[in-house]
Number of protein chains: 2
Amino acid sequence: MWPGGRGAVTAPVPLAGHPPLQEDRTEMAVTLADVAARAGVSSATVSRVLNGNYPVAGGTRERVRRAVAELDYVVNGQARALAAATSDLVGVLVNDVADPFFGLIASAVQAEISAGAEPGGGKLAVVCNTGGSPEAELTYLTLLERQRAAGVVLTGSAVESAEHTAAVTARLTRLAASGTRIVLCGRPPLTLPDGGIAPATVAFDNRGGARRLTEHLLSLGHRRIGYVSGPVERSTTRHRLEGHRAALAVSDRPLGPDAEAYAERLTVHGTYDRASGYDAALELLRREPELTAIVAANDTVALGVCAALRDRGLSIPGDVSVAGFDDLPFSADVSPALTTVRIPLQEAGARAGKLVMGRLAPPPGGVATVGTELMVRGSTAPPAVRTA
Amino acid sequence: MWPGGRGAVTAPVPLAGHPPLQEDRTEMAVTLADVAARAGVSSATVSRVLNGNYPVAGGTRERVRRAVAELDYVVNGQARALAAATSDLVGVLVNDVADPFFGLIASAVQAEISAGAEPGGGKLAVVCNTGGSPEAELTYLTLLERQRAAGVVLTGSAVESAEHTAAVTARLTRLAASGTRIVLCGRPPLTLPDGGIAPATVAFDNRGGARRLTEHLLSLGHRRIGYVSGPVERSTTRHRLEGHRAALAVSDRPLGPDAEAYAERLTVHGTYDRASGYDAALELLRREPELTAIVAANDTVALGVCAALRDRGLSIPGDVSVAGFDDLPFSADVSPALTTVRIPLQEAGARAGKLVMGRLAPPPGGVATVGTELMVRGSTAPPAVRTA
DNA sequence: GATGCGGGAGTAAGCGCTTTCTCCCGCGGC
DNA sequence: GCCGCGGGAGAAAGCGCTTACTCCCGCATC
């Protein structure tokens, strides 16, 4: 078949696998066999006691337990995983761990998956920071496949490019086929090709929340509303913007047929961070000095907007009302407290965690949407009566 | 499940390991052997091509590469780990992922460790949320030992109880002995017993930062300064409080010998969250209505303090100055912007990441302290001249 | 033309578990 | 009193890789 292959091992020289690496400075770890020897049983029995899935006589069990304790034995997860074809790892992909939005979700997911049964304290969450980069997302998916992760939770907005969607779908299909449970949290449902079951999804009602938020501003009397959007090509960005526009569309804004163009003009795209909000606010003010309200894509951006307005000498909400999205913990504490849309991130994360652990049946249709709630606080008020 | 009956199979039926679980719905994953067969080489050669640590002829290598691509082969990390006695996992223990303080550190650590060499994109960070619970910390340490983690980064304040310290030390000693690299970040150095090398440490200058912060208030003219501390028995809490007291000790406060008792009275312990700050501020106001400044254990707590003061109708910094610690991103954006102490969390995390990856030599003495910087902003000002 | 070398490839021995067979033993039933 | 049975426990076959040894072959050396 292949060249160079001889074979013919003539002399009975015993081959040796890994013998030379014994005398490391690192004393050899205790293995199942050591425990077995100490307890005077076979390693199979020790394994059985440890996993508790096979009847072992009380006395024997006790002896094994003692040996385990005396030797401070800790099972080798990788060997176990290999032999049993299981894994203790669950991947959690987030755009940015340092962002409380993801932190809250990750924290809830993690609490859920490590709250496992006794055997050893559940699974371990591998939090992967994609930084919003599609490539990183794919890389991590591969890394998780390599680890044969028990499950994967994808959180946050999806990049809406056909190419990337296809790539992610392919990875997820493979993962699902090999038994990894997939859950999407805060990103739109996905359809897997060739009969694959679509992953369970915990979706956020971004569109509805955004609509209600803008309706709130409209009802206060605002008509010149700026919108600081997130990065284009991301599902969350699109949904929130759509909700905003939907509210505007049914309003009685005096602009009639030009309404859409006007809304377009008062929309600035940026990233989901503070600096982006700051810059965008200035830009909006330039485009429409008569602005009476600004809606931001999220709370962090809203903070940047507030900073810019303040630097411009405008008061909130006296001169301009500001609203955010997400209701992160700090939003209630800033001054003025931010009007925003609350997403039950904790609850969503917990739900995702239960789903990925198989502790919760997937919702009918595969998609569960968590509602959003408008939180009206001090940063929004009726527009001042200007000299217009 | 298990046998149950005997079965006296008399004929020489060959034993079979795992044969029955072939026909799962989950098509059998591609293995090294499959790739080898397809490329017409031995599996050893495939392994060598993949790991690039052994000379393989160009043609052969190309053939293997093609086979890998065609079969969409992804190496089984667990088998590899078992065989090579290595691991792709690095544990990162944090008190609370949802807290930006830890989020920032974790994010930096992660960026550092996954920025690995080509072989496969570096290691995977396992972010473990201890919730500040000593038990959880130990549990995670065991779980990481089980996974034979390549490294572990412990972040955040340590619980200062002899018992817990001993337990952690024991776990770390074992981990270190088995080759796991240990790094402490933001927690005080530790000494391992019996000759074990102490883990590399990236410490924060909490004491110095706190001292300079209080000195700043003193220099503004404040003399009645409340302190909202963190949970007792935590190193960070203690260090910050010590810094604060140190500054007071050398000040010319008019209270003379009673100074210490006074400082004691103006210190309230709580947790590191907003609610704690809120309650503590009210309590301080009750104890000393003449208070002109409040120093909080961290920015989050400071936010709670601000909220309480506002609810009491007090202006910041007009009536009471407020200061925090950490300089989290939002601190510059709240109104008034928070005077605080900046800790270069990003830098510290990156340093810890490099250390745990062995890409940076441990600092001499094992401990590298990152400096802190006083950030004076709008929330502190000279005390108003009250009718006193 | 025989010998020495070094590059390139294969063989197979484990890594430390899990799990399937096998097997031993004491006991109640016919 | 012999057979059948079920509870307990052991032997051993892998899981899918890595890697220490071997070995072959072509080429430069003497």
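Just so it is clear, the model here is predicted, and its values are computed rather than measured. In what follows, chains carry the letters A, B, and so on, assigned in the order in which the sequence lines appear, proteins first and then strands, with residues in each chain numbered from 1.
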Without decimals, in angstroms, what is the distance between A:Tyr54 OH and D:dG6 C1'?
11 Å

How long is the line joining CG of B:Asp34 and P of D:dC15, in whole Å?
11 Å

Assess whether a salt bridge exists between A:Arg171 and A:Glu145, defined as any Lys/Arg side-chain N lying under 4.0 Å from an Asp/Glu carboxylate O.
no

Closest-nucleotide ordering on DNA chain D, the 5'-leading residue of A:Arg63 and B:Ala81
A:Arg63

Is a side-chain donor-acceptor pair under 3.5 Å present for A:Tyr140 with B:Ser114?
yes

Does B:Thr45 have a side-chain nitrogen or oxygen under 4.0 Å from the phosphate oxygens OP1 or OP2 of C:dG10?
yes

Which is it for B:Arg146 and A:Asn76 under the side chain to side chain contact (heavy atoms under 4.5 Å, CB included) test, yes or no, and what are the steps along the way?
CA-CA 5 Å; B:Arg146 171 181 305 185; A:Asn76 181 321; over 6 Å; no

Which nucleotide in the set C:dT19, D:dC17, D:dG10 lies at the smallest distance from any side-chain heavy atom of A:Ser47?
C:dT19

To the nearest angstrom, the CG-P distance between B:Asn51 and D:dC17 comes to 11 Å

Taking salt bridge (charged side-chain N to carboxylate O under 4.0 Å, His left out) as the definition, give me every residue that meets it alongside B:Arg38, ordered by chain and number, with sequence neighbours left out.
B:Glu70

Heavy-atom distance under 4.5 Å between the side chains of B:Val202 and B:Leu184, does that happen here?
no

Could you pull out every donor-acceptor pair under 3.5 Å between side chains of residues 86-93 of chain A and any protein atom, sequence neighbours left out?
| from | atom 1 | to | atom 2 | distance (Å) |
| --- | --- | --- | --- | --- |
| A:Ser87 | OG | A:Leu89 | N | 3.0 |
| A:Ser87 | OG | A:Arg148 | O | 3.4 |
| A:Asp88 | OD2 | B:Gln147 | NE2 | 3.3 |

What is the bend of the helix from C:dG1-D:dC30 to C:dC30-D:dG1 when you compare the axis at one end with the axis at the other, using five pairs each and rounding to 10°?
50°

If you assign B:Pro55 and A:Thr31 each to the DNA chain C nucleotide with the nearest heavy atom, which residue ends up on the more 5' nucleotide?
B:Pro55

Interatomic distance, A:Arg146 CZ vs D:dT18 P [rounded to whole Å]
10 Å

Return the set of residues passing side-chain contact (heavy atoms from CB on, under 4.5 Å) with A:Arg63 (not counting sequence neighbours), or none when no residue passes.
A:Val41, A:Thr60

Under 3.5 Å: donor-acceptor pair, side chain of B:Thr201, backbone of B:Pro199:
yes

From the list C:dT19, D:dA9, D:dC17, which nucleotide is the closest neighbour of the side chain of B:Ala79?
D:dC17

Separation of C:dG16 P from A:Asp88 CG (nearest whole Å):
18 Å

The correct set of residues in residues 69-78 of chain B placing a heavy atom under 4.0 Å from DNA chain C is none

Taking only N and O in the side chain of B:Thr60, is any of them less than 4.0 Å away from OP1 or OP2 of C:dA9?
yes

Closest of D:dA9, D:dA11, D:dG16 to the A:Ala44 side chain is D:dA11

What nucleotide, of D:dG8, C:dA9, D:dT19, holds the atom closest to the side chain of B:Asn53?
D:dT19

Selection from C:dG10, C:dT19, C:dG16 that lies nearest to any side-chain heavy atom of A:Ala84
C:dT19

Salt bridge (charged side-chain N to carboxylate O under 4.0 Å, His left out) involving A:Arg48 - partner list, sequence neighbours excluded
none

Without swapping roles, check the side chain of B:Ser47 against the backbone of B:Ser43 for a donor-acceptor pair under 3.5 Å.
no

Expressed in angstrom and rounded to an integer, what is the separation of A:Arg48 atom CZ from D:dG8 atom P?
12 Å

From the candidates C:dA9, D:dC15, D:dA9, the one with an atom nearest any side-chain atom of A:Leu82 is D:dC15

Length of the CG-C1' vector between A:Leu32 and D:dG10, whole Å:
14 Å

Given atom CZ of A:Arg80 and atom P of D:dG16, what is their separation to the nearest angstrom?
18 Å

